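Okay, structure first, notes after.
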Amino acid sequence: LGTSDDCNLNGIPDECDIASGASDCNLNGILDACEPVLADLPVPTGGFASISSVAVSGDFAAVGSASDTTLGTDAGAVHIFRRVGTVWIEDAFLTATGGLAGDQFGHSVALDGNVLAIGAPGRDGTGADEGAVYIYRYDGAGSWVAEPTQFLSPAATDDRLGTSVAVHGSRIIAGAPGAVSTGTGQAGVFFYDGSSWSLEATLADAAPVAGDLAGTAVDLGATQAFVGAPGRTTGQGAVFVFQLSGTWSQGPTLVAAVPTASTSYASTLSGNDTSLAVGAPDSAGGGAVQLYERSGGVWGAATAITTPATTPGTRFGSAVALSSTALLIGEDELAPSTAGQAHVYRRDGASWSYGESLGGSFGDQYGAPVSTDGPIAVVGAPGTPAISVHRIEPYSDCNGNGLDDACDIASGLATDADLDGVIDCCQGGTDTVPPVISGAPGDIIAPNDAGICGAVVTWTEPTAADGCGLLSFT
């Protein structure tokens, strides 16, 4: 979200305001008066038919709507949005060339730079639901140009290629969990050589088992590929890791810290060459996410995290999105009544630290799909349906007042007695500063006006202060 905006609409570019003394306590180039930076993506004319998937990269965001009926029932469509400063505008509306009812174009979407991959797992070939991956490239002049659609070879009925997709540089990986007819599943890697796309490799476990559903979730780094198989070992799940060194070869198989049946482990995942987050949203206690780190070429053991919500719902890990600095975890059935949340974690050395939670409203299913790139987080709320965009700052906002904790502390709005950079009231038991309300009015007595059942009174609004940066009161 750029520094050439005029977010306060005073006719002066924000960077000039800051240079002239306007407050920017966290030095992010955005006026404090304009934070927190969040917005909903504009709702298209007629609304979103559904929200199946989201992706963000740079100045573009994609929203998949697999049930869109423009080309027929569940033919699907994808909305593209472009960021201009702190404002998002709808840039394109894509439907599949030759698309038909049931294709589910937009069931999955992935963006990397100017390349967009769209999964259509319901597309028929010689057999039903063979699936396909549609590829578009932004031409820099305002258009998304279609490139040749990709398929498995050989393809078969119920492969459902495109159930999941990911893009990294010149490669796309797409999951086909129904492949090999018994649902062992696999993933296809497609490579762009500078002029055309081709199927580079088919990634499948060396000892596949019926019902593995490998390819339900996928992701891709420069040398690492991840294929989630939530059906492995009676639903304990597994992630098959494949590694690129000239050609693709199978690496380790990753499992949960405590493998347990029917947890939906590996139904969602997000990773790169050094970190991996794997969702297990049906784990006991409301769901879990397993975190892995790679050091010296070796993937370490899993570390499990669970919801930070004080009143947990269910399905923590319903969606995950990981970047080099941030981890976003959806919990789409969090109470009340599936309002949902998305939880933000930040890189803290070799581990991840909880920052804050982004919340939805009644029935939103907020956090069902999530995506992040750099400081930008995109969160879907299929129950609305709507898409929100947040800026993830390097500092947390643990008290949820819309200001970075560092700004709260620097301004004196919140205390940090142990000087660890964390607001005292967010650490549990360390907030020793009692709240103070000043200027509260005393009894107000209005004259008795015969025949008038009311009175208008005025008073000076009280002020409040505490050690937590929360200055509202009722």
Side-chain angles (χ1 to χ4, degrees), residues 38-44 46-56 61-69 74 76-79 81 88 104 106-110 119 121 163-164 216-217 228 230 263-270 277-289 305-322 327-345 356-372 376-390 392 400:
L38 55 89
D40 287 344
L41 292 183
V43 177
F48 295 103
S50 63
I51 294 175
S52 309
S53 54
V54 297
V56 62
V63 179
S65 182
S67 65
D68 187 273
T69 59
D74 295 337
V78 172
H79 303 266
F81 299 87
W88 291 83
Q104 297 179 308
H107 183 275
S108 59
V109 293
T163 294
S164 54
T216 297
T263 60
S264 298
Y265 171 88
S267 60
T268 62
L269 61 80
S270 181
V278 182
D282 293 321
S283 295
V289 171
I305 59 173
T306 56
T307 180
T310 55
T311 55
T314 56
R315 292 183 54 76
F316 177 79
S318 57
V320 291
L322 181 148
L327 171 62
L328 196 60
I329 300 176
E331 186 173 8
D332 62 0
E333 293 187 6
L334 188 73
S337 299
T338 66
Q341 283 190 347
H343 307 286
V344 178
Y345 293 77
E356 64 265 12
S357 295
L358 314 173
S361 300
F362 185 95
D364 280 353
Q365 294 180 283
Y366 192 85
V370 299
S371 181
T372 183
I376 305 300
V378 176
V379 183
T384 306
I387 303 288
S388 64
V389 181
H390 302 259
I392 301 176

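Just so it is clear, the structure is predicted and the values come from calculations on it, not from any experiment.
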- Message: Quick check: do Thr384 and Ile51 have side-chain heavy atoms less than 4.5 Å from each other?
- Response: no
- Can you say whether the rings of His390 and Tyr366 are parallel (under 30°), tilted (30 to 60°) or perpendicular (over 60°)? perpendicular
- Item | Heavy-atom closest pair, residues Phe316 and Ile305 | CE2-O, 3.5 Å
- Exercise: identify the closest heavy-atom pair between Ala342 and Val370: CB-CG1, 4.4 Å
- Message: Show the nearest heavy-atom pair for residues Pro308 and His343, with the distance to one decimal.
- Response: CG-ND1, 3.5 Å
- Message: Nearest 0.5 Å, please: how far is OG in Ser65 from NE2 in His107?
- Response: 12.0 Å
- Query: So, do Leu328 and Val344 sit near enough that their side-chain heavy atoms are less than 4.5 Å apart?
  - Reply: yes
- Item | Flag side-chain contact, heavy atom, 4.5 Å: Ser270 against Ser371 | no
- Query: Distance-only, no hydrogens or angles: does the Ser318 side chain make a donor-acceptor pair with backbone N or O of Gly330 under 3.5 Å?
  - Reply: yes
- What heavy-atom pair brings Ala61 and Leu41 nearest, and what distance separates the two atoms? CB-CD1, 4.4 Å
- If you measure from CD1 on Ile392 to CD on Glu356, what distance do you get to the nearest 0.5 Å? 7.5 Å
- State, to 0.1 Å, how close Gln104 and Pro121 come at their nearest heavy-atom pair, and which atoms those are. O-CD, 3.6 Å
- Is a donor on one side and an acceptor on the other found under 3.5 Å between the side chain of Ser52 and the backbone of Ala66? yes
- Side-chain (Thr268) to main-chain (Ala217) donor-acceptor, under 3.5 angstrom: no
- Tyr265 and Ser283, any side-chain heavy atoms less than 4.5 Å apart: no
- List in chain and number order the residues that pass side-chain contact (heavy atoms from CB on, under 4.5 Å) with Ser108, two or more places apart in sequence or in another chain; answer none if no residue qualifies. Val165
- Distance (rounded to the nearest 0.5 Å) between Thr306 OG1 and Ile329 CD1: 9.5 Å
- Heavy-atom distance under 4.5 Å between the side chains of Phe48 and Ile387, does that happen here? yes
- Task: Indicate the atoms forming the closest heavy-atom contact of Asp282 with Ser264, along with that distance.
- Result: OD2-OG, 2.5 Å
- After noting the C-alpha distance and the side-chain angles of Val389 and Ile376, does the key distance pass the side-chain contact (heavy atoms from CB on, under 4.5 Å) rule? CA-CA 7 Å; Val389 181; Ile376 305 300; 3.8 Å; yes
